[in-house]
A.B. asks: 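My questions will all concern the structure given below.
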Amino acid sequence: TKHSNSTYVTALEALNEFVIETKVAINFLVVFDDLFPTLLKLLNSSNQEVAVSILKLTGTIGASRIEAIDKFTQGDN
């Protein structure tokens, strides 16, 4: 189900704030192993506002880690 862009932005911003408030105490990429691939899929089909929110969130949670990128690029999504 596709949601409105404002719904995605609100959800992404809320998750970003949660990550900041918890000082990244939770490794979101390990606990939610499908989060990064899902965000990348959404990034491919979103508008600029949603894309910026996704990039901010992935930067905050540290999604540049090689393991997360490798998992996505190996077709494990």
Side-chain angles (χ1 to χ4, degrees):
T1 302
K2 182 155 172 75
H3 301 285
S4 71
N5 290 326
S6 63
T7 300
Y8 284 126
V9 169
T10 301
L12 291 163
E13 288 176 352
L15 183 54
N16 197 34
E17 286 299 316
F18 180 77
V19 172
I20 291 169
E21 290 296 320
T22 61
K23 296 180 172 67
V24 197
I26 301 169
N27 187 336
F28 283 87
L29 299 178
V30 172
V31 176
F32 305 102
D33 62 346
D34 62 340
L35 177 62
F36 188 64
T38 301
L39 289 172
L40 288 179
K41 287 178 187 176
L42 180 59
L43 182 63
N44 288 329
S45 64
S46 64
N47 73 0
Q48 184 175 355
E49 185 180 17
V50 174
V52 168
S53 294
I54 291 169
L55 294 174
K56 285 181 182 178
L57 175 61
T58 57
T60 301
I61 62 175
S64 62
R65 293 180 43 205
I66 299 301
E67 301 90 29
I69 294 170
D70 283 348
K71 181 177 179 180
F72 180 75
T73 59
Q74 291 174 357
D76 209 12
N77 47 31

A.B. asks: Can you see which heavy atom on Lys2 is nearest to which on Ser45, and at what distance?
C.D. replies: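 Scanning both residues completely, I find the closest heavy atoms to be NZ-O, 3.9 Å.
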A.B. asks: Minimum heavy-atom separation for Ser4 to Thr7, with atom names?
C.D. replies: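 Result for this residue pair: OG-OG1, 2.8 Å.
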A.B. asks: Tell me the closest heavy-atom pair linking Ser46 and Ala51, and the distance in Å.
C.D. replies: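 Heavy atoms of Ser46 and Ala51 come nearest at OG-N, 3.7 Å.
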A.B. asks: Do Leu55 and Leu43 have side-chain heavy atoms sitting under 4.5 Å apart?
C.D. replies: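 With C-beta onward as the side chain, the pair touches.
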A.B. asks: Between atom CD1 of Ile61 and atom NZ of Lys56, what is the distance when rounded to the nearest 0.5 Å?
C.D. replies: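 So the CD1 of Ile61 and the NZ of Lys56 are separated by 15.0 Å.
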A.B. asks: Is there a path of hydrophobic side-chain contacts, each under 4.5 Å between heavy atoms of I/L/V/M/F/W/Y residues, joining Leu57 to Val52?
C.D. replies: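 Different clusters.
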A.B. asks: Which distance, rounded to the nearest 0.5 Å, do you find between the CG of Leu15 and the OG of Ser53?
C.D. replies: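 The distance works out to 11.0 Å.
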A.B. asks: With rounding to the nearest 0.5 Å, note down the distance linking CD1 in Ile54 to CD in Glu49.
C.D. replies: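 Taking CD1 in Ile54 and CD in Glu49, the distance rounds to 11.0 Å.
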A.B. asks: Can you name the one residue among Leu35, Leu39, Leu12, Asn16 that meets side-chain contact (heavy atoms from CB on, under 4.5 Å) with Thr58?
C.D. replies: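 Looking at Leu35, Leu39, Leu12, Asn16, the match for Thr58 under the side-chain contact (heavy atoms from CB on, under 4.5 Å) is Leu39.
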A.B. asks: As an exercise, state the distance from OG1 of Thr10 to NE2 of His3, rounded to the nearest 0.5 Å.
C.D. replies: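 The distance works out to 12.0 Å.
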